[in-house]
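Start at 1 with the first residue, then count along the sequence.
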Amino acid sequence: MDTERGKALVTGASSGIGAAYAERLAQEGWDTVLVARRRQRLDDLAGRLRETTGTHPEILEADLSLPEDLARVVARVAAGDVGFLLNNAGINGYGPFAALDPDLLAKVVNVNVLAVTALTRAAVPAMLERGRGTIVNVASQLAFAGSLPPDPLPQRAVYGGTKGYVVTFTRTLAAELAGTPLRLQVLCPGLTATEFHLTRGDLPVAGREAAVHEDGGMPVGQVIDASLAGLEAGEVVVVPGLADSGPVAELAAAEQGIRTAARGGRG
């Protein structure tokens, strides 16, 4: 491992995008810190990485919805040797808003918003001091689907809201840190071939073998390809499957138009 660049810490590393991204980073020579709830899945992944890449993965079993577990992961990130942070952990809490358990909704906010914010805050100062660092926050295309009704989209008021936060948070922080050596990206995949839709997030998917929900979706490898290509190109908002960045630029222009109009055209 290049000790100057540090380690790559990946949350939600027990399956899906997190596990596959950790493998890709290990193939590139990164030693990884693997964070998730399912210890057996983490043990299996760490064993594969040691055997196939010769890297030295570290396991940190944690449920990021729990304050004490989040505090442990924040402390690990703040130790100063994390050069790549992938905030991938997320739960969906899908369902009709009025019928959902408030405890589940709190968990969605804690994992999708609080953990992303706290871990990013823990990473940035040390990265600035080291003069390098990368942060990728995983959002969703559902962040852009607020007014669209359910069916075929899920009932998703809280999930969509949390992912909208991740998009705005990352874009705004990237603007604040422009001119520094840090790279920030918000990755917005659509439906992806993982096990994400097999649970609402209150409980993890059981078993040691990774599954894929019946809805299918984009292969995980293509999502990671898009993320890595976006990092190389300096793109802050990356939407896998988007042929060009025109719609992202149009979104920024529309936002500017709203602010300008609200000020009576004063910009």
Which heavy atom in [X] sits nearest to a heavy atom in [Y], and how many Å separate them?
| X | Y | answer |
| --- | --- | --- |
| Gly93 | Leu104 | CA-CD2, 4.1 Å |
| Val186 | Ala139 | CG2-CB, 3.6 Å |
| Ser227 | Gln185 | OG-OE1, 2.7 Å |
| Pro181 | Gly131 | CB-O, 3.1 Å |
| Ile59 | Ala46 | CD1-CB, 3.9 Å |

Flag side-chain contact, heavy atom, 4.5 Å: [X] against [Y]:
| X | Y | answer |
| --- | --- | --- |
| Arg171 | Glu255 | yes |
| Glu23 | Arg48 | yes |
| Tyr21 | Val223 | no |
| Pro189 | Ile17 | yes |
| Glu58 | Lys7 | yes |
| Ser14 | Leu45 | no |
| Val109 | Leu114 | no |

For Arg76 and Asp81, what are the C-alpha separation, side-chain angles and deciding distance, and is it a salt bridge (Lys or Arg N to Asp or Glu O under 4.0 Å)? CA-CA 9 Å; Arg76 179 64 187 83; Asp81 63 342; 2.7 Å; yes

Go through the side-chain N and O atoms of [X] and [Y] and say whether any donor and acceptor fall under 3.5 Å apart.
| X | Y | value |
| --- | --- | --- |
| Thr162 | Asn112 | yes |
| Thr55 | Thr53 | yes |
| Thr260 | Gln256 | yes |

Does the [X] side chain pair with the main chain of [Y], one donor and one acceptor, at a distance under 3.5 Å?
| X | Y | result |
| --- | --- | --- |
| Asp69 | Asp63 | yes |
| Thr194 | Phe196 | yes |
| Arg156 | Pro154 | yes |
| Arg130 | Gly80 | yes |
| Ser140 | Leu142 | yes |
| Thr170 | Val167 | no |

Please enumerate all residues that pass side-chain hydrogen bond (donor to acceptor under 3.5 Å, both in side chains) together with Asn88, with sequence neighbours excluded. none

Restricting to side-chain hydrogen bond (donor to acceptor under 3.5 Å, both in side chains), what partner residues turn up for Arg24, sequence neighbours left out? Asp225

For salt bridge (Lys or Arg N to Asp or Glu O under 4.0 Å), just list the numbers for Lys107 and Asp103, CA-CA rounded to whole Å, side-chain angles, deciding distance to a tenth of an Å, and then say yes or no. CA-CA 6 Å; Lys107 181 175 287 194; Asp103 289 340; over 6 Å; no

Glu61 with Arg37: basic N within carboxylate O range, under 4.0 Å: no

Hey, can you tell me if Phe84 and Trp30 have their rings parallel, tilted or perpendicular (30° and 60° cut-offs)? perpendicular

Should Val33 and Leu86 be counted in the same cluster of Ile, Leu, Val, Met, Phe, Trp and Tyr side chains packed under 4.5 Å apart? no

